[in-house]
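I have placed the structure first, in the form of structure tokens, so that the comments after it can refer back to it.
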Amino acid sequence: MQQSNAKYVPFPPVNLVDRQWPGRTITQAPIWMSTDLRDGNQALFEPMNAEKKMRMFKMLCAIGFKEIEIAFPSASETEFGFVRKLIEEGHIPDDVSIEVLTQAREHLIRRTMESLKGAKKAIVHVYNATCKTFRENVFGMSKAEVIAMATDAVRLIRTLADEMPETEITLEYSPELFTATELDFAKEVCDAVTATWGATPQRKVILNLPTTVEIATPNIYADQIEWMHRNLARRDSVIISLHPHNDRGTAVAAAELGLMAGADRVEGCLFGNGERTGNVDLVTLALNMHTQGVDPQLDFSDINAVARTYEHCTQLPIHPRHPYVGDLVFTAFSGSHQDAIKKGFSAQKADETWAVPYLPIDPADVGRSYDSVIRVNSQSGKGGIAYLMEAEHGVVMPRRLQVEFSGVVQKHTDTHGGEVSADDIWNLFASTYLDAASPIRYREHHLFEHGEAQGIRLAVDIDGQACVLTGEGNGPINATVHALQTAGFNFSVRSYEERSMVPMGEDGNARACAMVEVAGKGSGDLYGIGVDSNIVTASIKALISGVNRLGAAARVDLAA
């Protein structure tokens, strides 16, 4: 790159000589608002369908979000219909406020308000661009016209809200491109909005001040937030909200400094997906607070379940090195790191401050375990575990299974020493997953239709006793889970994959390999694997393998 480029100039500093935020710390959780179903959804290659949006909504509620932006109702019938479905079918908990977004245009506002009829509590989020570039080059509007656009929209929302007394409407206003807007003008627009709404301490307005595009360092954003915090009219009637984007890769830092600067609320997505480089990552932000002794008021105690649901709904992968959540963040490859971590765990007392080297958080806090494994891959030659399994036996293992099985191999080498061959690795794989036959041994199964559901009669031995289990579900896997659960095995399925087993360089008859990730009560996630010429049979065997490997964690006292 060129040493000097006149196209780009540093963003000017804010005139705030007595700034207070550098000396502050975050001492309590903000108001959280998830925009996974709106901002995050708009950024997907394939937007979520109704089933995925509903699954995501219910998970967000379970995590503890009390404000959830669910749609842009005027954008499409799909978005409008999802809002109606949540309201009409009673899916919204009483303590959760749904939020909808609209541009400051009359027909869009009317359609948006129509979508909310019958809701108990709702936030109507309206926005218009305020920065000079948009005023002059995009819209050709004066400052007075921009203010009029905002206040006209607010006035209409207030009129329509008065016609919906059954719904508690909260106004949220965003001066889009806030960080590129002159501060005195941003204040002028926001003050006009709160005056038009009639904001009071009992009827607060949310002023959302976004880094629509991140154009400066996080300290500049903090200065802008503190300036607004100190200069806004009716500050006691305003909730200052942050909506950081990640164009510079500093959205989490911007949010943290913005909270120190006086903000009350943060908008973002679970793992930071959104336009361009994404929104602020709420999981990282919340768990950062957790590591500083601040209760984030969000439940990430089973982070694997959150991650798998997110990946299913968005079809986006979570990076294996993603903070706190990635599949490899609690796995050390370096021998010196492994040694330090093991010694740290040995010295760590349950009632003492967390102080294990290389681990900023106790993995147990997020439902994870520490896997100290030495991994080898195809770059290490034909001794690589994953490479040999694929090359010799046609088993292509997903990443989390590679991590799990590498631990099995490592334990073997620690005990027996020496080098493991391809046959040794396969025998370990078979004994760990394919021959795990206690307490359940598979015999046979028969599928049948049960109305719109799939039924199964599953012949197995349980603790040596022959029995036939029955179950039903939306497919063979779901029916098998139901059958096993009725027999006293309580477990959940985290993920499922199926592959054809074709060793490299061969075109022979392929067998099916099913891989199911399961979890039992108080256990971590682990895999069950089934191999058969029939994919349904392989899937059933994989479920039984997983339950057998869970052992006592999957057993339930049916008499209790």
Side-chain angles (χ1 to χ4, degrees), residues 28-35 38 65-71 73 83 86-87 92-106 108-128 130 146-176 178 186-210 225 228-243 258-259 262-267 297:
Q28 64 182 27
I31 301 167
W32 299 103
M33 202 287 289
S34 161
T35 187
R38 199 282 300 170
F65 286 96
K66 303 304 180 187
E67 297 182 0
I68 303 172
E69 191 170 52
I70 57 173
V83 180
L86 288 181
I87 295 170
I92 306 168
D94 289 342
D95 61 347
V96 170
S97 294
I98 56 173
E99 178 170 322
V100 290
L101 182 71
T102 179
Q103 293 175 324
R105 299 181 182 278
E106 180 177 351
L108 302 181
I109 291 170
R110 290 187 181 278
R111 181 66 170 164
T112 300
M113 298 298 287
E114 181 184 351
S115 75
L116 295 173
K117 289 180 179 178
K120 294 179 181 178
K121 296 190 297 183
I123 301 168
V124 178
H125 182 183
V126 63
Y127 71 96
N128 65 319
T130 56
V146 169
I147 294 174
M149 186 178 191
T151 54
D152 286 349
V154 169
R155 196 172 292 108
L156 176 59
I157 293 169
R158 180 171 180 174
T159 298
L160 297 175
D162 289 343
E163 297 172 1
M164 302 166 56
E166 75 283 3
T167 303
E168 179 186 330
I169 298 288
T170 297
L171 176 71
E172 175 173 345
Y173 172 71
S174 289
E176 192 186 10
F178 161 75
K187 167 182 155 52
E188 187 178 355
V189 178
C190 289
D191 286 348
V193 163
T194 57
T196 302
W197 183 257
T200 68
Q202 293 74 39
R203 195 187 189 203
K204 293 186 178 182
V205 169
I206 300 169
L207 292 179
N208 188 52
L209 307 177
I225 296 300
M228 293 290 282
H229 167 62
R230 291 162 62 171
N231 289 283
L232 280 170
R234 292 170 286 278
R235 180 62 182 93
D236 63 348
S237 304
V238 166
I239 294 170
I240 292 182
S241 177
L242 309 175
H243 187 116
L259 289 173
D264 311 292
R265 181 177 184 266
V266 178
E267 299 188 353
Q297 301 290 306

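The distance from the CD1 atom of I206 to the CE atom of M33 is 8.0 Å, given to the nearest 0.5 Å. Of the inter-residue distances, the one linking R155 atom CZ with W197 atom CH2 reads 12.5 Å to the nearest 0.5 angstrom. Here the straight-line distance linking atom CD of E166 with atom CD of E163 works out to 10.5 Å at 0.5 Å rounding. Here the CD atom belonging to E69 is positioned 6.0 Å from the NE2 atom belonging to H125, to the nearest 0.5 angstrom. We find the CD1-NZ distance between I31 and K66 to be 13.0 Å, quoted to the nearest 0.5 Å.
Few gaps surround NZ on K187; more than 12 heavy atoms of other groups in view lie less than 6.0 Å from it.
Considering I157, V100, V126 in turn, V100 is the only one that fulfils the side-chain contact (heavy atoms from CB on, under 4.5 Å) rule with T112.
With a 4.5 Å cut-off on side-chain heavy atoms, C190 and L209 count as touching. Using a 4.5 Å cut-off on side-chain heavy atoms (C-beta onward), I92 and I70 make no contact. Using a 4.5 Å heavy-atom cutoff, the side chains of F178 and I225 are in contact. Counting heavy atoms from C-beta on, the side chains of E67 and R265 come closer than 4.5 Å. Inter-residue side-chain proximity for T35 and L101 is flagged as unmet; no heavy-atom pair is nearer than 4.5 Å. Residues I240 and L232 meet the side-chain proximity criterion, which asks for heavy atoms closer than 4.5 Å.
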Checking side chain to side chain contact (heavy atoms under 4.5 Å, CB included) for the pair T170/I239: CA distance, chi angles, key distance, verdict?
CA-CA 11 Å; T170 297; I239 294 170; over 6 Å; no
Using the side chain to side chain contact (heavy atoms under 4.5 Å, CB included) rule, take V154 and V205 through it: C-alpha gap first, then chi angles, then the decisive distance, then the call.
CA-CA 11 Å; V154 169; V205 169; over 6 Å; no
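The shortest non-hydrogen separation linking S115 to V83 is O-CG1, 3.4 Å. The heavy-atom pair separating A29 from Q297 by the smallest distance is CB-CG, 3.9 Å. Between I98 and L116, the shortest heavy-atom contact is CD1-CD2, 3.9 Å. In this structure, E188 and I147 approach most closely via the heavy-atom pair OE2-CD1, 3.4 Å. Contact detail for Y173 and Y127: the closest heavy-atom pair is CE1-CA, 4.3 Å. Shown here for E172 and N208, the closest heavy-atom pair between the two residues is OE2-CB, 3.2 Å.
When atom types are taken as modelled, the side chain of N128 and the backbone of V146 share a donor-acceptor pair closer than 3.5 angstrom. Between the side chain of T130 and the backbone N or O of E176 there is at least one donor-acceptor pair closer than 3.5 Å. Without hydrogens or angle criteria, R234 side chain to D191 main chain gives a donor-acceptor distance under 3.5 Å. Within the 3.5 Å criterion, the main-chain N or O of I169 finds no donor-acceptor partner in the side chain of T167. Checking side-chain atoms of R158 against main-chain N and O of T196 turns up a donor-acceptor pair under 3.5 Å.
Classification of E267 and R38 as a salt-bridged pair fails, no side-chain N sitting under 4.0 Å from a carboxylate O. Ionic pairing of E114 and R110 is not present here: no N-O contact between side-chain nitrogen and carboxylate oxygen is shorter than 4.0 angstrom.
D94 pairs by the side chain to side chain donor-acceptor pair (under 3.5 Å) definition with K120, not counting sequence neighbours.
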